[in-house]
Amino acid sequence: MQILRTTSENSDFQNLVKKLDAYLAFMDGDDHAFYDQYNKIDLLKNCIVVFENEKPVGCGAIKPINENTMEVKRMFTLPEFRGKGLAASVLKELEIWTKELGYEKTVLETGKKQIEAVALYKKCNYVITPNYGQYVGIENSVCFEKIL
């Protein structure tokens with residue numbers, strides 16, 4: 001496994017996000033348009049792509065939401081590579097990067113239907129919090145945070 005720090009201009013990152021968006025459109029159904037408006041990747045400066053045998057198989061990103069908090073975005077692993085710990089590795093690298101940039105915690109949102117994602121975040125010591133920002137009052141959203 002190799003991990004690349006990059007930006008949203010990276011074509012491997014962009015291709016993985018297209019696959020993520022297709023997956024989420026299926027999973028979110030009628031709610032997809034709401035979530036999609038908050039998941040644009042223009043100008044993301046802190047993106048990760050993970051490779052297996054030189055093939056891009058997973059990604060994630062962080063973006064600042066205030067002076068001490070980064071939001072984890074665009075986490076995805078190709079289905080055939082799931083269950084190998086790649087997503088946890090991406091998340092760990094994003095946490096390290098967050099600390100290097102001087103931020104104290106990460107937050108994230110995922111859908112309640114994303115059972116594997118919810119399990120991943122709990123396994124990685126994220127704590128469920130009240131929904132934040134645009135997710136306040138959204139029934140299908142579950143939000144997490146982790147103090148680094």
Side-chain angles (χ1 to χ4, degrees), residues 1-8 10 12-28 31-32 34-36 38-41 44-148:
M1 174 184 68
Q2 303 82 39
I3 295 177
L4 172 69
R5 289 183 178 188
T6 187
T7 69
S8 58
N10 178 283
D12 291 326
F13 180 79
Q14 292 173 1
N15 289 332
L16 286 163
V17 167
K18 285 177 188 170
K19 292 176 182 179
L20 167 62
D21 286 339
Y23 171 76
L24 291 175
F26 173 76
M27 292 298 290
D28 293 337
D31 295 332
H32 183 67
F34 169 78
Y35 292 108
D36 191 51
Y38 300 111
N39 288 319
K40 303 303 180 204
I41 62 169
L44 287 176
K45 296 177 183 168
N46 307 98
C47 303
I48 298 286
V49 178
V50 64
F51 296 84
E52 279 276 320
N53 298 319
E54 300 183 22
K55 176 182 176 156
V57 298
C59 64
I62 47 175
K63 73 174 194 175
I65 61 168
N66 63 39
E67 64 279 350
N68 62 10
T69 306
M70 282 283 203
E71 183 178 25
V72 176
K73 304 293 289 179
R74 314 315 285 154
M75 288 287 296
F76 181 69
T77 303
L78 292 174
E80 62 270 28
F81 289 89
R82 293 181 185 162
K84 298 181 175 188
L86 297 174
S89 295
V90 169
L91 192 57
K92 184 65 179 168
E93 185 68 19
L94 291 171
E95 293 168 3
I96 291 167
W97 205 354
T98 296
K99 285 173 41 177
E100 288 174 4
L101 293 169
Y103 293 83
E104 299 170 4
K105 75 176 180 177
T106 52
V107 297
L108 60 90
E109 180 277 340
T110 193
K112 289 181 181 176
K113 297 176 188 173
Q114 312 297 328
I115 297 165
E116 297 90 351
V118 170
L120 168 72
Y121 300 130
K122 287 180 177 179
K123 179 180 135 191
C124 292
N125 300 313
Y126 279 73
V127 177
I128 294 176
T129 64
N131 288 6
Y132 62 87
Q134 64 267 24
Y135 306 111
V136 171
I138 303 300
E139 180 73 22
N140 185 45
S141 288
V142 58
C143 293
F144 290 87
E145 77 173 13
K146 184 175 182 180
I147 306 298
L148 304 172

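Positions are given from 1 along the sequence.
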*Can you name the nearest heavy-atom pair linking Phe144 to Thr110, along with the distance?*
CE1-CG2, 4.1 Å
*At their closest point, which heavy atom of Phe13 faces which heavy atom of Cys59, and how far apart are they?*
CD1-CB, 3.7 Å
*Got Val50 and Glu93 here, is their nearest side-chain heavy-atom distance under 4.5 Å?*
no
_Run the ring pair (Phe, Tyr, Trp, His ring centres under 6.0 Å) test against Tyr103 and tell me which residues pass, sequence neighbours left out._
none
*Any residue meeting side-chain hydrogen bond (donor to acceptor under 3.5 Å, both in side chains) with Glu95, in chain and number order, not counting sequence neighbours*: Tyr126, Lys146
*Output all residues satisfying salt bridge (Lys or Arg N to Asp or Glu O under 4.0 Å) with Lys105, sequence neighbours left out; order by chain, then residue number.*
Glu145
*Does Asn10 reach the main-chain N or O of Asp12 with its side chain, forming a donor-acceptor pair under 3.5 Å?*
yes
Check: residues 84-92 side-chain donor-acceptor pairs under 3.5 Å, at least two apart:
residue: Ser89; atom: OG; partner: Gly85; partner atom: O; Å: 3.1

_ring pair (Phe, Tyr, Trp, His ring centres under 6.0 Å) involving Tyr132 - partner list, sequence neighbours excluded_ = Tyr135
*Do the side chains of Arg5 and Ile48 get nearer than 4.5 Å, heavy atoms only?*
yes
*Measuring from Asn46:CG to Met70:CE, what's the distance to the nearest 0.5 Å?*
4.5 Å
*Value rounded to 0.5 Å, distance of CG in Leu16 from CG in Asp21*: 11.0 Å
*Over all heavy atoms of both residues, which pair between Val118 and Gly111 is shortest? Give the atoms and the distance, please.*
CG2-O, 4.0 Å
*Mind checking what makes salt bridge (Lys or Arg N to Asp or Glu O under 4.0 Å) contact with Glu67, not counting sequence neighbours?*
none
*Closest approach of Ala61 to Leu94 (non-hydrogen atoms, all atoms of both residues)*: N-CD1, 3.7 Å
